[in-house]
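One structure is given below, encoded as structure tokens.
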Amino acid sequence: MISIIIPTLNEEEGIAKTICSIPEEIRKTSEVIVVDVSDDFTPIIAKALGATVLKEARKGKGWQMRQAVKQSKGDILIFMDGDGTDPGQYIPKLLKKLEKSNLVLGCRNSKEFKDKNLKAYPRQSYIIWDIIFYPTNQILGLKVSDPLAGFRAIRRIDWDKLNLKNNDFTIETEMNIRAVQENFTITQVLIPSLKRLGGLSGSKFLKSPKMWVKIYKMISNYNKEKK
């Protein structure tokens with residue numbers, strides 16, 4: 001069984017697109033869990049589309065993900081963002097790559113990436129590549145275009161090995177670091193860069209410079225420890 005976990009915070013404009021992008025054949029044999037801390041109509045929309053909605057009083061992407069995993073039943077875990085930027089149509093490709101990998105990231109490709117079935121947009125904030133993505137890949141030895149991708153697949157047995165603790169947007173960085181420490185095979189599936197849906201312009205993460213600093217410190221500390 002597959003558990004598709006979607007942490008949400010006020011994603012009423014994107015959650016329907018996210019859930020409906022999941023192929024029907026996948027949805028029939030999976031559980032879709034929306035773990036929500038919204039004060040808008042996100043949980044109502046998600047429930048109407050057949051998702052299991054878990055309401056959390058505590059905000060934090062990492063916290064939401066970890067709580068959802070505890071209540072999920074799948075042997076395989078798929079994580080997606082709820083703002084419409086992660087194309088569920090690509091889940092079969094993630095699952096195929098997972099057959100020979102421990103962790104698969106759905107990575108937004110360069111602005112030249114084309115998909116005739118999806119309208120791609122130029123990637124935003126290339127400066128993020130320079131200050132976070134590039135050093136992350138270099139220090140961790142990753143060969144992925146988007147190491148902070150929220151769209152990812154992992155087996156439950158491997159998730160348990162990572163023993164993740166972080167409660168915020170640093171959860172993906174922690175996952176990458178722990179996966180490298182466990183000698184996991186980490187691969188990517190290239191996905192188009194889709195337009196974010198919602199009232200906020202740009203992602204919540206990109207609007208939080210403090211989070212960039214936390215991630216940079218995590219990578220720097222890992223680099224010091226491995227020397």
Notebook entry, point to check: Taking C-beta and beyond as the side chain, do I91 and I22 meet within less than 4.5 Å on heavy atoms?
Noted result: yes
Notebook entry, point to check: Any sub-3.5 Å donor-acceptor pair from E12's side-chain atoms to T42's backbone N or O?
Noted result: no
Under 3.5 Å, which donor-acceptor pairs link side chains of residues 45-57 to any protein atom two or more places apart or in another chain?
| from | atom 1 | to | atom 2 | distance (Å) |
| --- | --- | --- | --- | --- |
| K55 | NZ | D36 | OD2 | 2.7 |
| K55 | NZ | S38 | O | 3.1 |
| E56 | OE1 | W63 | NE1 | 3.0 |

Next item on the list: Using a 4.5 Å cut-off on heavy atoms from C-beta on, say whether the side chain of I2 contacts that of L95.
Entry: yes
Check: Could K17 and D83 be called an ion pair, given the rule that one side-chain N must be under 4.0 Å from one carboxylate O?
Finding: no
Margin query: If the threshold is 4.0 Å, N to carboxylate O, is there a salt bridge linking D81 and R196?
Written below: no
Checklist line | Heavy-atom side-chain proximity of C107 to F151 below 4.5 angstrom | finding: no
Check: Any salt bridge between D75 and R156, counting N to O under 4.0 Å?
Finding: no
Item checked: Shortest non-hydrogen separation from T185 to S101 and the atoms involved -> O-CB, 3.6 Å
Note to self: Please check: side-chain N/O of Q188 versus main-chain N/O of D146, any donor-acceptor pairing under 3.5 Å?
What the structure shows: no
Margin query: Looking at N166, is its backbone amide N or carbonyl O close enough to the side chain of E174 to form a donor-acceptor pair, meaning the two atoms are under 3.5 Å apart?
Written below: yes
Next item on the list: Dump the intermediate steps for side chain to side chain contact (heavy atoms under 4.5 Å, CB included) on T85 and K195, then the final yes or no.
Entry: CA-CA 6 Å; T85 58; K195 186 176 182 180; over 6 Å; no
Notebook entry, point to check: Got a donor-acceptor contact below 3.5 angstrom from the D158 side chain to the I154 backbone?
Noted result: no
Next item on the list: Measure from the side-chain N and O atoms of T18 to the backbone N and O of G84, and report whether any donor-acceptor pair falls under 3.5 Å.
Entry: yes
Check: Would you say the ring centroid of W159 lies under 6.0 angstrom from that of F79?
Finding: yes
Check: Honestly curious: do F41 and V34 fall in one hydrophobic cluster under the side-chain, below-4.5 Å linking rule?
Finding: yes
Note to self: Test of understanding: clusters of I, L, V, M, F, W, Y form through side-chain heavy atoms closer than 4.5 Å, transitively. Do L77 and M1 belong to the same one?
What the structure shows: no
Notebook entry, point to check: Any sub-3.5 Å donor-acceptor pair from Q64's side-chain atoms to V35's backbone N or O?
Noted result: yes
Checklist line | Pair N167, R66: side-chain N/O donor-acceptor within cut-off below 3.5 Å | finding: yes
Notebook entry, point to check: Between E182 and R178, does at least one N-O distance fall below 4.0 Å, as a salt bridge requires?
Noted result: yes
Note to self: If we ignore hydrogens and angles and just use 3.5 Å, is the side chain of S145 paired with the main-chain N or O of R108 as donor and acceptor?
What the structure shows: yes
Notebook entry, point to check: For I33 and S72, which heavy atoms make the closest approach, and how far apart are they?
Noted result: CD1-CB, 3.7 Å
Next item on the list: Step by step, work out the salt bridge (charged side-chain N to carboxylate O under 4.0 Å, His left out) result for D168 and K59.
Entry: CA-CA 8 Å; D168 52 25; K59 292 182 179 180; over 6 Å; no
Checklist line | Minimum side-chain heavy-atom gap T8-V37 below 4.5 Å | finding: no
Notebook entry, point to check: Which of these, I219, V213, I215, sits in a side chain to side chain contact (heavy atoms under 4.5 Å, CB included) with K217?
Noted result: V213
Note to self: Using only atom types and a distance under 3.5 Å, with no angle test, would you say the side chain of S30 pairs donor to acceptor with the backbone of R27?
What the structure shows: no
